[in-house]
Amino acid sequence: MAKYTVVTMPGDGIGNQVLPEALRVLNAVGFDAEYVHAEIGWECWRNQGNALPDRTVDLLKKHKLGLFGAITSKPNKAALEELKPELRGKGYVYYSPIVTMRQKFNLDVCMRPCIGFAGNPLNYIRKTSTSCVEPRIDTTVFRQNTEGMYAGIEWTNPPENVRAALSSHPKFKAFAGVPGSDLAVSVRVITRNAARRIVTAAFEYAKKRGFKGVTICEKPNVVRETSGMMEETAREVAKIYPGIALWSTNIDAQLMWLNKNPEYYNVIVASNLFGDILSDAFAGLVGGLGFAASGNIGEEVAVFEPTHGSAPKYAELDPPIVNPIAMILSAAMMLDHVKEDARAARIRQAIADVVREGKVRTYDMLRLAGGAKAISQGAVSTTQMTDAILEKL
Ligand code: NAI
Ligand code: MG
């Protein structure tokens, strides 16, 4: 029997192209696992009225470790129109399977490393008066994954009792005369326990990597209650890690700083929306979607996935052209999670070697427009990129 069982959820579109590439790499480094396939995504919605089938939930519950590709999601109207005829009009409602998965298993810690590989033509560079330098960016964003602005508690035209509750706040006076249909409210929820868990994950990571500090990135001067609780909790947690400093930045200023000195920030922790923005912004400095990996980590279950979606416009290309590195890096994060550090390090080193050498590049790395002609323009296919990584291994 293998040491680990991993639930593989390729999902939709290019998820089906990149996930098998990650498995080739995991096998090549001798990861002792068996893989169980599980369905997720648009086809499940269309045929079953549920984008996250019960069998997939059960498998994750049982095996606790998941690798996920990507899903397609569409607005409510399109979702209902594409539902198989027998299921229409039966009250099915589309829910994003990723959000459902995060909530069901309380995958509250989202870890998004944005670590540059030297020689990647997509890397951030800085112009000095005489030349260009490529600072080494090694930033990991810890994003609270289950609450904050994405808690999903929101209304257009809030019901009377909600309106009454809002009216009890002096600041609501300014909106008191707005008709319900013209009033939208989204609630930002922060709980101390979840704040503590995300900040602790950030400090633990800083400790493991030997970094000098952790940055909490919020906006406590304006969003006093929720950002305030994030920051207060960070100060409390920081006391447990006397060797690691706690720095504090505001989200707006931080986005300016990342254009100036991104290399100063190794570990950033933030609530859901700010963390989402920060991780995309930092990912853009180190290669973008072809390189952006993530982990959704709960107390029991953990699921690793590239940040990108299903890229439907490339999903039918043969050979496939998308970059498998984001998916392969997600698999390496899964190895970190189960403490297979040496194997994870070998994978990252192999990717680093391929990128530095610069002979093998997918279309995104060449800044090509994409599409079938990318190959004739000098890009390698998805499979050839993995082949190059396997060769280095
Ligand atoms: P997307 O991430 O699928 O693609 C945007 C663009 O980024 C692509 O057209 C392509 O140019 C580039 N790209 C993405 N992955 C790449 C890779 N591995 N290598 C090279 N280039 C890559 O986002 P989009 O187009 O906004 O959404 C498409 C579908 O994916 C939608 O249905 C959306 O809801 C869903 N989505 C799912 C996510 C997930 O499963 N976690 C995340 C984001 C979007
Ligand atoms: Mg995002």
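One-based numbering along the sequence shown. Both ligands and their constituent atoms are indexed starting at 1 by order of listing.
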Query raised in the report: Do you see a donor-acceptor pair shorter than 3.5 Å between the side chains of Q144 and T146?
Result: yes
Query raised in the report: For atom NZ of K84, is the number of surrounding heavy atoms from other residues, nucleotides or ligands below 6.0 Å larger than 12?
Result: yes
Requested in this report: Could you note down all residue pairs passing ring-ring contact (aromatic ring centres under 6.0 Å, His included) where residues 72-110 supplies at least one of them, sequence neighbours left out?
Outcome: W42-Y94, W45-Y94
Every pair of nitrogen or oxygen atoms between ligand 1 and the protein that is under 3.5 angstrom apart - can you list them with their distances to 0.1 Å?
{"residue": "ligand 1", "atom": "2 (O)", "partner": "G309", "partner atom": "N", "Å": "2.7"}
{"residue": "ligand 1", "atom": "3 (O)", "partner": "G309", "partner atom": "N", "Å": "3.4"}
{"residue": "ligand 1", "atom": "3 (O)", "partner": "S310", "partner atom": "N", "Å": "3.2"}
{"residue": "ligand 1", "atom": "3 (O)", "partner": "A311", "partner atom": "N", "Å": "2.7"}
{"residue": "ligand 1", "atom": "11 (O)", "partner": "Y363", "partner atom": "OH", "Å": "3.2"}
{"residue": "ligand 1", "atom": "18 (N)", "partner": "H308", "partner atom": "NE2", "Å": "3.4"}
{"residue": "ligand 1", "atom": "18 (N)", "partner": "N323", "partner atom": "O", "Å": "3.0"}
{"residue": "ligand 1", "atom": "19 (N)", "partner": "N323", "partner atom": "N", "Å": "2.9"}
{"residue": "ligand 1", "atom": "21 (N)", "partner": "Y363", "partner atom": "OH", "Å": "2.9"}
{"residue": "ligand 1", "atom": "30 (O)", "partner": "I71", "partner atom": "O", "Å": "3.3"}
{"residue": "ligand 1", "atom": "30 (O)", "partner": "S310", "partner atom": "N", "Å": "3.1"}
{"residue": "ligand 1", "atom": "30 (O)", "partner": "S310", "partner atom": "OG", "Å": "3.3"}
{"residue": "ligand 1", "atom": "32 (O)", "partner": "S73", "partner atom": "N", "Å": "2.9"}
{"residue": "ligand 1", "atom": "32 (O)", "partner": "S73", "partner atom": "O", "Å": "3.0"}
{"residue": "ligand 1", "atom": "34 (O)", "partner": "S73", "partner atom": "N", "Å": "3.4"}
{"residue": "ligand 1", "atom": "34 (O)", "partner": "S73", "partner atom": "O", "Å": "3.4"}
{"residue": "ligand 1", "atom": "34 (O)", "partner": "S73", "partner atom": "OG", "Å": "3.0"}
{"residue": "ligand 1", "atom": "40 (O)", "partner": "I71", "partner atom": "N", "Å": "2.9"}
{"residue": "ligand 1", "atom": "41 (N)", "partner": "E305", "partner atom": "OE1", "Å": "3.3"}

Report summary line: residues 209-254 vs ring-ring contact (aromatic ring centres under 6.0 Å, His included), sequence neighbours excluded, gives F203-Y241
Query raised in the report: What pairs with F142 under ring pair (Phe, Tyr, Trp, His ring centres under 6.0 Å), at least two apart in sequence or on another chain?
Result: Y205
**Report entry** Sub-4.5 Å side-chain heavy-atom contact between L335 and L26
**Finding:** yes
